[in-house]
S.K.: 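Have a look at the structure that comes next, please.
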Amino acid sequence: MELDLPTYYQQYGTVLALIIAGIVLVAAAFGLNRLFRPDMKYGGKLSTYECGLDPVGTGWSQTHIRYYLFAFMFVVFDVETLFIFPWAVFLGNAGNAAPRFMLGTMLVFLFFVSITLPYEWKKGVLKWV
Amino acid sequence: MEPGLLDFPSLGLSIAVKLLIMVGFFLTAPLVAGYMEHKVLAHQQDRLGPMEAGIGPIKHGVGQLVADGAKFIQKEDIVPTAADKWVFSLAPGVALVPALVVMLVLPLGPGLFGENLGAGVFFALAVSSVSVLGVLMAAWSSANKYSLMGGIRAAAQLIAYELPLVLGAAAVVLQAGTLSLVSIVEAQADFRIFGLLPMWFVLPHAIGFLLFFVASLAELNRPPFDMPIADSEIIFGHMTEYTGIKYAFFMLAEYAGMVVLSAIATVLFLGGWYVLPGVTVPELINWVVAFFGAGPFEFHPVVAGLLGVGVTMGKIFTLVFVMVWFRATFPRLREDQLQRMSWLILIPLGLLNIVVIAIAKVLA
């Protein structure tokens, strides 16, 4: 399949135009809001909401990120799915000379990536505490 | 690539028409989804929901969301003093714009699509997950403990459920051998189970469809996966500090997201604009009239396209209905249950699904 460059640029040009249209739409709505809204601000109204009490400490307080290890696993598996897409497109392609070889290599790859899941489970990483 | 019905000889004209249609679709379809949420949820809970606001003589609350919009426009813009003002104000836009951009690649009828991108599936999945960035921006910039907690939950949910979503779609890509959304719909028209029975991908890819649908609920923070905005625990998550038009944008982004992800599911699994597996609406009409002895009719491509759009819309809003139905049915999961379900059930299932489909594809 050959890449048709003029069509390619034209298509993504439309994408860009739509992104700009979206930004204009949001800006227009904010502008309209500016025209119609009242402006009566005072201290209590602008304070951080904390169930009606005065907020304690800062809102950017430290919290325990329990999913830190999950985030690493996510990166591993997300890169893996990125590998799957081009492979998936060409596996069933009529011009594919060695589909079984392609399947075999992917099975080996998937095996080595997926073996991490039971390992992590055994290590207790997948527990959310 | 075949040019669609919206591709005119003049580049400027075709871009203008496409933008106009996409923006129009973007401003109406989420309202229909929102109205469905109001009314379906109300009736499933044995109440009436909005009844008064109407458009002209049609009442039953059809104008409720339009009235809400008019109200939101007039509301005071409150940014808490503690908040990061720029990020706080940009976040609703970041959540909203991706939903609009994805609509460009969704094929709604034969020949009726914005752009038939060569990497359509990839583009749709990538752009639709940008919305979560808006949620994270809102959560962090609010400088509110509940918002921050909601944001951390949203991030955890994204991490866990992005994979089942992509794996479910990858199996369809494998089956169809293309990333173009239009070609995937066409591939479903040619697909036969065991070379005999025409069927959409939803049957051979039942697992993939299940993964995709469950993961899209999680991606949209829809019940039973609405821990990021769990109102009984953390007020309203990342939207706690938002009022007026900015809050309205987050709600619009949610409904637009429902429409977009239902549309992607429709295209990938439910045969797009085909009313029956491998049968378009004009073909069906001609079958019926041939049964009564009348001759086959010729359909103008635009008419055929619009009939296809009707079918696609029907499928999209059926899925939206199911999403609302889920909200009325299932209680909220707990955060650890959500993580466990994804990593121990959905992701292994998705990988297994791909392996099985690949083996079947190569051996066939």
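First the proteins, then the strands, lettered A, B, ... as listed; each starts at 1.
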S.K.: When heavy-atom pairs shorter than 4.5 Å are enumerated against chain A, which of B:V121, B:T81, B:N144 gives the highest number?
M.R.: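 Going by pairs under 4.5 Å, I would pick B:N144.
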S.K.: Which heavy atom of A:L103 sits nearest a heavy atom of B:A358, and at what distance?
M.R.: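 What the structure gives for the nearest pair is CD1-CB, 3.5 Å.
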S.K.: Closer than 3.5 angstrom, by distance alone: can the side chain of A:K41 be matched with the main-chain N or O of B:E76 as a donor-acceptor pair?
M.R.: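 Checking the backbone N and O of B:E76 against the side chain of A:K41, no donor-acceptor pair under 3.5 Å is found.
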S.K.: Measure B:S89 against the heavy atoms of chain A and call it side chain, backbone, both or neither at under 4.5 Å.
M.R.: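 B:S89 touches chain A through backbone heavy atoms alone.
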S.K.: Are A:W87 and B:I354 close enough, and set up right, to give a side chain to side chain contact (heavy atoms under 4.5 Å, CB included), and what steps lead you there?
M.R.: CA-CA 11 Å; A:W87 169 81; B:I354 286 192; 4.2 Å; yes
S.K.: From B:I245 CD1 over to A:F36 CZ, what is the distance, rounded to the nearest 0.5 angstrom?
M.R.: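 If I round to the nearest 0.5 Å, the distance is 11.0 Å.
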S.K.: Can you tell which part of B:V173 gets under 4.5 Å to a heavy atom of chain A, answering side chain, backbone, both or neither?
M.R.: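 When you check distances to chain A, atoms from both the backbone and side chain of B:V173 fall under 4.5 Å.
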S.K.: Check each atom of A:M73 against the heavy atoms of chain B and say whether the ones under 4.5 Å are side chain, backbone, both or neither.
M.R.: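 Both backbone and side chain.
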S.K.: Go through the steps to decide whether B:T178 and A:V89 satisfy the test side chain to side chain contact (heavy atoms under 4.5 Å, CB included), and finish with yes or no.
M.R.: CA-CA 5 Å; B:T178 173; A:V89 171; 5.6 Å; no
S.K.: Answer with side chain, backbone, both or neither: which region of B:T240 has an atom nearer than 4.5 Å to a non-hydrogen atom of chain A?
M.R.: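 For B:T240, the side chain is the part near chain A, not the backbone.
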S.K.: Please round to the nearest 0.5 Å and tell me the distance separating atom OH of A:Y49 and atom NZ of B:K145.
M.R.: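 That separation rounds to 12.5 Å.
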S.K.: To the nearest 0.5 angstrom, please state how far the CD1 atom of B:I73 sits from the CG atom of A:N33.
M.R.: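 Here the rounded value is 6.0 Å.
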S.K.: Can you tell which part of B:I357 gets under 4.5 Å to a heavy atom of chain A, answering side chain, backbone, both or neither?
M.R.: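 It is neither, since no heavy atom gets under 4.5 Å.
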S.K.: Taking side chain as everything from C-beta outward and backbone as N, CA, C, O, which of these in A:T81 sits under 4.5 Å from a heavy atom of chain B? Side chain, backbone, both or neither.
M.R.: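 When you check distances to chain B, only side chain atoms of A:T81 fall under 4.5 Å.
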S.K.: Please flag which part of A:E120 lies under 4.5 Å from any non-hydrogen atom of chain B: side chain, backbone, both or neither.
M.R.: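 Neither the backbone nor the side chain of A:E120 comes within 4.5 Å of chain B.
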S.K.: Would you mind checking which part of B:V166 comes under 4.5 Å of any heavy atom in chain A, side chain (CB onward), backbone (N, CA, C, O), both or neither?
M.R.: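 Both parts, backbone and side chain.
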S.K.: Just so I understand: if I count every heavy-atom pair under 4.5 Å between each of A:D78, A:V15, A:L110 and chain B, which residue has the most?
M.R.: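 Looking at each option in turn, the highest pair count goes to A:V15.
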S.K.: Against chain A, label B:L11 side chain, backbone, both or neither, depending on which of its atoms sit under 4.5 Å from a heavy atom there.
M.R.: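 Only the side chain of B:L11 comes within 4.5 Å of chain A.
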S.K.: For atom CZ of A:F101, decide whether the heavy atoms of other residues, nucleotides or ligands shown that lie under 6.0 angstrom number more than 12.
M.R.: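 No - once you tally the heavy atoms of other residues, nucleotides and ligands closer than 6.0 Å, there are 12 at most.
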S.K.: Could you please state which residues from residues 16-26 of chain A sit under 4.5 angstrom from chain B, measuring non-hydrogen atom to non-hydrogen atom, sorted by number, or 'none'?
M.R.: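 Answer by number: A:A17, A:L18, A:I19, A:A21, A:G22, A:I23, A:L25, A:V26.
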S.K.: Can any side-chain N or O of A:Q11 pair as donor or acceptor with the backbone N or O of B:N116 at less than 3.5 Å?
M.R.: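 Yes; at least one donor-acceptor contact below 3.5 Å.
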S.K.: Return the OH to CZ distance between B:Y161 and A:F74, rounded to the nearest 0.5 Å.
M.R.: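 Reported to 0.5 Å precision, the distance equals 13.5 Å.
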S.K.: Identify the two heavy atoms, one from B:A170 and one from A:A88, that lie closest to each other, and give their separation to 0.1 Å.
M.R.: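 Closest pair (atom of B:A170, atom of A:A88, distance): O-CB, 4.2 Å.
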S.K.: Name the member of B:V127, B:I359, B:D77, B:I78 that forms the most heavy-atom pairs with chain A at distances under 4.5 Å.
M.R.: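 Among B:V127, B:I359, B:D77, B:I78, the one with the most close pairs to chain A is B:D77.
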S.K.: Could you tell me whether A:Y12 atom OH has more than 12 heavy atoms of other residues or ligands within 6.0 Å of it?
M.R.: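 Enclosed: over 12 neighbouring heavy atoms sit under 6.0 Å from OH of A:Y12.
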S.K.: For B:F123, is it the side chain, the backbone, both or neither that has a heavy atom under 4.5 Å from a heavy atom of chain A?
M.R.: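 Looking at B:F123, just its side chain touches chain A.
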S.K.: Quick one: which of B:I15, B:L167, B:L351 has the most heavy-atom pairs under 4.5 Å with chain A, could you say?
M.R.: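 Winner by heavy-atom pair count: B:L351.
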S.K.: For chain B, which candidate among A:K45, A:E80, A:M102 shows the most heavy-atom pairs at distances under 4.5 Å?
M.R.: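 Between A:K45, A:E80, A:M102, the count favours A:K45.
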S.K.: Ring centres under 6.0 Å, that's the criterion: do B:F249 and A:F30 meet it?
M.R.: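 Close enough - the centres of the two rings lie under 6.0 Å apart.
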S.K.: Which residue out of A:M40, A:M106, A:R34 racks up the most heavy-atom pairs below 4.5 Å with chain B?
M.R.: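 Going by pairs under 4.5 Å, I would pick A:M40.
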S.K.: Quick one: which of A:S47, A:P38, A:S114 has the most heavy-atom pairs under 4.5 Å with chain B, could you say?
M.R.: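 Option with the greatest count: A:P38.
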S.K.: Side-chain contact, heavy-atom cut-off 4.5 Å: A:L117 with B:P348?
M.R.: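 Yes - at least one pair of side-chain heavy atoms lies under 4.5 Å apart.
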S.K.: Can you tell which part of B:V105 gets under 4.5 Å to a heavy atom of chain A, answering side chain, backbone, both or neither?
M.R.: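 For B:V105, neither part sits under 4.5 Å from chain A.
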S.K.: Examine whether an atom of B:S141 lies under 4.5 Å from a heavy atom of chain A, and if so say whether it belongs to the side chain, the backbone or both; otherwise answer neither.
M.R.: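 Contact with chain A: backbone only.
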S.K.: Side chain, backbone, both or neither: which part of B:L100 has a heavy atom under 4.5 Å from chain A?
M.R.: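 B:L100 touches chain A through backbone and side-chain heavy atoms alike.
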